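Everything on this sheet refers to the single structure shown next.
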Amino acid sequence: MPAPATKSPPHNWYPPWAPRFWNGMRLGDFVTLLRENRFQIHPSRYPMAALVGGCAAVNSVLSVTQKLAYGRRIRAAKLVGPPIFVIGHWRSGTTLMHELLTLDQRLAFPSNFDAFVPHHFLLSRFFFYPLVKMLMPSMRPMDNMSLGVASPQEDDFALCALGAPTPYRRIAFPNRSHRDHLLLNLANADADQLAELELAMQSFLKTLTVRYGRKLVLKSPPHTGRIAKLAEWFPGAKFIHISRHPYELVPSTMRTWKLLDKLQGFQVPRYDDASLKNYIFECQDLMYSAYALQRSGIPANQLIEVRFEDLVTQPIEQMQRVYRQLELEPFANVQPAIESYFVNKKDHQKNTLTLDEAVRIEIDTHWAGYMELFGYR
């Protein structure tokens, strides 16, 4: 299958010294990640591994220091109302929905800084924040959207840095045979993995609550197959699912994984397009077999499904529907900010992707359930 044709980001958009997902790990978790993958680091990535290892040692010290300074407040923290989770497949528009919700001043969200250093962002924001702000690239590679240290970020990257079992651990060693993606359906998780995931999520959300003191809105595609557990761990949690036509999703997701593996991995990716496409298909099966079973158990005022195509053509109507069904009113307070957001983004240039006809036929077969579920037939 030919690689998707698209505009490339500037060659220097993500320099070697820019923050990586692994920079927030503690030393023990980082060594465990390397050991699990038999230390199969490509020689060209030795400097990156050394930098991450140095950061991991610092994180270990700062993690202990934050526990001493803030541990009691974090343990005693109570979430300010049930969190809101934005879910859906990668490249479906979850980032757009997340950014629209963060325009509501009543809500808080994990920033890039929070997600990159989840062990100590309460403590280190006073001196590390300016440094990370200086090193952070100005845009994302997969869609040319603006990026900054204060931009909203997926909480699964924080979970990864916290050492929790998450599918994103695969990015570190993309050439290895992995089972991490099986956790896109938590039916495949054992009791220890579930306990580790819950502990990491509870700790991260409580720490965010200490930092911001507001209701939290979070976004992460792997949450799509976790909604039953999330509803159990966080009673009353709200879920906003975003769907998008698979003809757009598949090539865009392929591009995303290629870029993340190239820029974040300790190996030089050597898989072919066919194997990557099959991996994406398998992830979709895992994620949505779980979601299809669990969605019926979530009350109507806690789960809403929005199509990306409708969101971009009717943003006010769709966001008003979200606020009304999930009982997040009043919507009028945030409507002007949403209108301004789309005015400011009107000149945004999306990447142009192509899709091979053979892959289109495969999508019709393998994504039939998804298309049926969300009305793309």
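Model, not experiment: these values are computed from the prediction. The residues of the chain are indexed from 1 along the displayed sequence.
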Do [X] and [Y] share a hydrophobic cluster, counting only Ile, Leu, Val, Met, Phe, Trp and Tyr and linking them when any side-chain heavy atoms are less than 4.5 Å apart?
| X | Y | answer |
| --- | --- | --- |
| Leu373 | Leu293 | no |
| Leu183 | Phe173 | no |
| Val31 | Leu162 | no |
| Val80 | Met201 | no |
| Val268 | Leu34 | no |

Using a distance-only test with no angle check, is there a side-chain donor-acceptor pair under 3.5 angstrom linking [X] and [Y]?
| X | Y | value |
| --- | --- | --- |
| Lys78 | Thr209 | no |
| Ser275 | Asp272 | yes |
| Gln153 | Asn112 | yes |
| Gln284 | His366 | no |

| task | Show your reasoning for whether side chain to side chain contact (heavy atoms under 4.5 Å, CB included) applies to Asn37 and Gln40. | result | CA-CA 6 Å; Asn37 292 279; Gln40 293 185 0; 5.7 Å; no

Between [X] (side chain only) and [Y] (backbone N and O only), is there a donor and an acceptor less than 3.5 Å apart?
| X | Y | result |
| --- | --- | --- |
| Lys206 | Arg75 | yes |
| Gln66 | Ser63 | no |
| Arg176 | Arg38 | no |
| Trp22 | Gln264 | yes |
| Thr224 | Gly88 | yes |
| Asp155 | Ala158 | no |
| Glu329 | Phe331 | yes |
| Asn185 | Ala187 | yes |

| query | In a check of side chain to side chain contact (heavy atoms under 4.5 Å, CB included) between Ser60 and each of Thr65, Leu27, Asp29, which one passes? | reply | Leu27

Measure across [X] and [Y] and return the closest heavy-atom pair with its distance rounded to 0.1 Å.
| X | Y | result |
| --- | --- | --- |
| Glu309 | Ser243 | OE1-O, 4.0 Å |
| Asn175 | Gln267 | N-OE1, 2.9 Å |
| Ala228 | Gln294 | N-OE1, 2.9 Å |
| Pro251 | Leu355 | CD-CD1, 3.9 Å |
| Asp180 | Arg170 | OD2-N, 3.7 Å |
| Tyr370 | Pro246 | CD2-CG, 3.8 Å |

| message | Apply side chain to side chain contact (heavy atoms under 4.5 Å, CB included) to residues Leu216 and Leu107 and explain how you reach the verdict. | response | CA-CA 6 Å; Leu216 297 171; Leu107 305 176; over 6 Å; no

| query | Should the heavy atoms of other residues, nucleotides or ligands under 6.0 Å from NZ of Lys67 be counted, would the total exceed 12? | reply | no

| For atom CD of Glu372, is the number of surrounding heavy atoms from other residues, nucleotides or ligands below 6.0 Å larger than 12? | no

With a 6.0 Å cut-off on ring centres, are [X] and [Y] close enough?
| X | Y | result |
| --- | --- | --- |
| Phe374 | His241 | yes |
| Phe21 | Tyr168 | no |
| Phe266 | His42 | no |

| message | Can you confirm if the NZ or CZ of Arg244 lies within 45° of the ring axis of Phe308 and under 6.0 Å from the centre of its six-membered ring? | response | yes

| query | Does the side chain of Phe85 reach to within under 4.5 Å of the side chain of Val217, using non-hydrogen atoms? | reply | no

| message | I want to check something: taking the side chain as every heavy atom from C-beta on, are Asp261 and Ile171 in contact at a cut-off of under 4.5 Å? | response | yes

| Residue pair Trp367, His89: steps toward the ring-ring contact (aromatic ring centres under 6.0 Å, His included) verdict | CA-CA 12 Å; Trp367 291 68; His89 197 277; 5.2 Å; yes

| Parallel under 30°, tilted from 30 to 60°, perpendicular over 60°: which one fits the rings of His245 and Tyr247? | tilted

| query | Between Leu101 and Phe109, is a side chain to side chain contact (heavy atoms under 4.5 Å, CB included) present by the stated rule, with each step listed? | reply | CA-CA 9 Å; Leu101 290 168; Phe109 55 89; over 6 Å; no

Could you list the donor-acceptor pairs under 3.5 angstrom formed by side chains in residues 113-122, with sequence neighbours left out?
from   : atom 1 : to     : atom 2 : distance (Å)
Asp114 : OD2    : Ser111 : N      : 3.0
Asp114 : OD2    : Ser111 : OG     : 3.1
Asp114 : OD2    : Tyr212 : OH     : 2.6
His119 : NE2    : Ala161 : O      : 3.2
His120 : ND1    : Ser124 : OG     : 2.7
His120 : NE2    : Asn59  : OD1    : 2.7

| task | Take Met97 and Met319 through the side chain to side chain contact (heavy atoms under 4.5 Å, CB included) test and state the conclusion after the steps. | result | CA-CA 9 Å; Met97 176 59 75; Met319 292 304 296; 3.6 Å; yes

